[in-house]
Amino acid sequence: TALALAVYGAGLPAFVLQKVLQPLYFAREDTKTPFRYALVAMVINAVVAVGMAWAIGFLGAAIGTSVAAWAMVWLLARGRVRFGEAAKFDTRFVTRVPRIVAATLVMAVVLFAMSLGLGTALAHPAWRYGALATLVFTGIGTYFAAAHILGALRLSDLRAAMRRG
C-alpha cells in the first residue's frame, strides 16, 4: 500500500498542474480540446495499468494513473502555445518553480532520514501514531523553512493568501 501511495504521489503534481492549465482553455471557451486530451490520457491510463498489471499487479494501476496525469499535463502545456503571449508563464512562476522543487527535495531528504531513525517507533503499535505525527509536523516545518530560505515562498504572500481565504 505504501508503494502504491508513493507512485500516486508522483502523479500528484500533475493533477495540480492540470488545474492550473485547464482554465486557459475554458477562458477561451474551448472545452473540446481538454476533453480530447482527457480521452487520450484515459487510454494511456488503461493501457499502462492493464499492461503492467500482468507483470507487477496492483501497482500497475497506480503507475498508469500517474503516467496518464503527466501525459495530460504535457498535452495541455503543448496545446497552450496556440494561445500566444497571454498563455505564457510569468517570471514569478518560472523563477519559483525550481525553488519549490528544491524545497520539496530538502523536505524529502529530511523525512527519509527521520523515517530511518524512527523505524522502530513506526513499527511499534503503541508508538506508531506519535512517530507518524512527528514525521508529518517535521515535514511541514521543514518544507516551509526551506521554501522561505530558498525564496520559493514569502511569509507575506502566505499571510495575504490566508487573509483572502
Side-chain angles (χ1 to χ4, degrees), residues 1-26 34-80 89 93-94 96-153 155 157-158 161-162 165:
T1 303
L3 187 55
L5 184 61
V7 173
Y8 281 123
L12 186 59
F15 288 110
V16 173
L17 286 170
Q18 286 177 32
K19 297 297 182 190
V20 170
L21 294 169
Q22 283 176 341
L24 292 170
Y25 294 86
F26 300 148
F35 178 74
R36 288 185 194 118
Y37 293 163
L39 289 176
V40 170
M42 185 178 67
V43 169
I44 290 170
N45 188 354
V47 168
V48 172
V50 172
M52 295 190 90
W54 297 104
I56 59 176
F58 72 94
L59 198 56
I63 293 170
T65 301
S66 292
V67 168
W70 283 108
M72 179 76 171
V73 167
W74 181 77
L75 290 167
L76 289 167
R78 186 190 64 156
R80 77 179 166 81
F89 293 123
F93 179 86
V94 172
R96 284 196 179 182
V97 166
R99 295 172 185 180
I100 291 169
V101 170
T104 303
L105 291 173
V106 168
M107 179 188 68
V109 168
V110 168
L111 288 177
F112 179 74
M114 281 197 66
S115 70
L116 294 176
L118 291 172
T120 305
L122 287 167
H124 194 278
W127 299 341
R128 178 178 299 146
Y129 298 110
L132 184 58
T134 300
L135 279 175
V136 168
F137 289 112
T138 300
I140 292 169
T142 301
Y143 177 79
F144 282 109
H148 181 68
I149 291 167
L150 295 170
L153 171 75
L155 293 178
D157 293 342
L158 186 59
M162 295 295 197

Test side chain to side chain contact (heavy atoms under 4.5 Å, CB included) on Tyr143 and Ile100; report intermediate values, then the result. CA-CA 9 Å; Tyr143 177 79; Ile100 291 169; 3.5 Å; yes

With the side chain counted from C-beta on, respond yes when Ile140 and Phe144 share a heavy-atom pair under 4.5 Å apart, and no when they do not. yes

Over all heavy atoms of both residues, which pair between Ala4 and Ala62 is shortest? Give the atoms and the distance, please. O-CB, 3.9 Å

Measuring from Trp74:CH2 to Leu17:CG, what's the distance to the nearest 0.5 Å? 15.5 Å

Rounded to the nearest 0.5 Å, what separation is found between the CZ atom of Arg128 and the OG1 atom of Thr120? 12.5 Å

So do Asp157 and Arg96 actually touch side chain to side chain, heavy atoms under 4.5 Å? yes

pair Leu111-Thr142: side-chain heavy atoms closer than 4.5 Å: no

Distance in Å, Thr1 OG1 paired with Leu59 CG, rounded so as to fall on 0.5 Å steps: 10.5 Å

Name all residues meeting the side-chain contact (heavy atoms from CB on, under 4.5 Å) criterion together with Thr134; count only those two or more places apart in sequence or in a different chain, and write none if there are none. Met114, Leu118, Thr138

Does a sphere of radius 6.0 Å around NE2 in His124 hold more than 12 heavy atoms from other residues, nucleotides or ligands, not counting ones at 6.0 Å or beyond? yes

Quick check: closest heavy atoms across Leu150 and Ala102, and the distance to 0.1 Å? CD1-CB, 3.7 Å

Does the side chain of Val73 come within less than 4.5 Å of Gln18's, by heavy atoms? yes

So, taking the atom named CG in Leu122 and the one named OH in Tyr129, what distance separates them when rounded to the nearest 0.5 Å? 11.5 Å

What distance do Met162 atom CE and Leu155 atom CG have between them, rounded to the nearest 0.5 Å? 11.0 Å

Before giving the answer on side chain to side chain contact (heavy atoms under 4.5 Å, CB included), spell out for Leu12 and Tyr8 the whole-Å C-alpha distance, their side-chain angles and the decisive distance to 0.1 Å. CA-CA 6 Å; Leu12 186 59; Tyr8 281 123; over 6 Å; no

Heavy atoms, side chains only, cut-off 4.5 Å: are Val106 and Ile149 in contact? no

Looking at Ala68 and Ile44, what are the two nearest heavy atoms and their distance? CA-CG2, 4.1 Å

When rounded to the nearest 0.5 Å, the distance separating CD1 of Ile63 from CD1 of Ile56 is 3.5 Å

Within the supplied structure, the quantity of interest is the number of heavy atoms (other residues, nucleotides, ligands) at a distance under 6.0 Å from Phe26 CZ; does it exceed 12? yes

For Ala41 and Met72 the tightest heavy-atom approach is CB-CB, 4.0 Å

Minimal heavy-atom distance between Ser66 and Gly11, with the atoms involved, is OG-N, 3.4 Å

Check: Ala10 main-chain N/O paired with Trp70 side-chain donor or acceptor under 3.5 Å: yes

Measure from the side-chain N and O atoms of Gln22 to the backbone N and O of Pro34, and report whether any donor-acceptor pair falls under 3.5 Å. no

I'd like to know if the side chain of Tyr25 and the backbone of Arg80 have a donor-acceptor N/O pair within less than 3.5 Å. yes

Any heavy-atom pair between the side chains of Val101 and Leu105 that's under 4.5 Å? yes

